[in-house]
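Note sheet for the following structure.
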Amino acid sequence: MIHQPNVLGDSLKELLSWLSKGLITINISDTFSLAEAHLAFTALKDRRSIGKVMITFNDGRIVKSKL
């Protein structure tokens with residue numbers, strides 16, 4: 001960022017374009033309610049999750065990433 005600031009911006013633009021084109025996906029391995037947030041942190045700490053861990057702020061319905 002300090003020595004070649006354009007590289008970071010260009011890389012981020014390319015990554016987001018790949019995401020919007022569906023060339024890469026985000027794996028959400030676990031979803032927890034806000035009341036279960038401690039379990040989400042335990043899953044991360046114990047390295048049991050493969051992918052992203054999501055904490056939801058709704059009634060517990062299954063949610064998909066908007067990305």
Side-chain angles (χ1 to χ4, degrees):
M1 180 73 180
I2 294 171
H3 301 290
Q4 296 177 332
N6 293 336
V7 172
L8 180 62
D10 293 343
S11 297
L12 185 57
K13 285 178 189 175
E14 186 170 13
L15 181 64
L16 292 175
S17 76
W18 292 347
L19 186 63
S20 68
K21 292 175 185 173
L23 298 174
I24 57 175
T25 57
I26 297 173
N27 177 31
I28 299 173
S29 61
D30 298 295
T31 303
F32 297 93
S33 68
L34 184 57
E36 300 171 320
H38 65 287
L39 298 174
F41 288 109
T42 301
L44 290 170
K45 180 181 68 106
D46 294 344
R47 302 181 65 98
R48 288 182 303 187
S49 58
I50 299 173
K52 302 292 182 187
V53 173
M54 181 181 284
I55 297 175
T56 60
F57 295 92
N58 60 12
D59 61 2
R61 293 175 286 140
I62 297 193
V63 217
K64 291 189 177 186
S65 172
K66 293 181 181 178
L67 293 176

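Treat the numbers as computed from the prediction; the structure is a model and nothing was measured. Any value given below was found using the heavy atoms of this structure, including those in side chains, with hydrogens, waters and symmetry copies removed.
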Contacts table for residues 36-45: side-chain donor-acceptor under 3.5 angstrom, sequence neighbours left out:
from, atom 1, to, atom 2, distance (Å)
E36, OE1, S33, N, 3.0
E36, OE1, S33, OG, 3.4
T42, OG1, H38, O, 2.9

Please confirm whether the backbone N or O of F32 pairs with a side-chain atom of T56, one donor and one acceptor, at under 3.5 Å? yes
For residues 16-28, which side-chain N or O atoms pair as donor and acceptor with protein atoms under 3.5 Å away, sequence neighbours left out?
from, atom 1, to, atom 2, distance (Å)
S17, OG, E14, O, 2.8
S20, OG, L16, O, 3.4
S20, OG, S17, O, 2.9
N27, ND2, I50, O, 2.9

For the CG atom of D30 and the NZ atom of K52, what is their distance to the nearest 0.5 Å? 13.0 Å
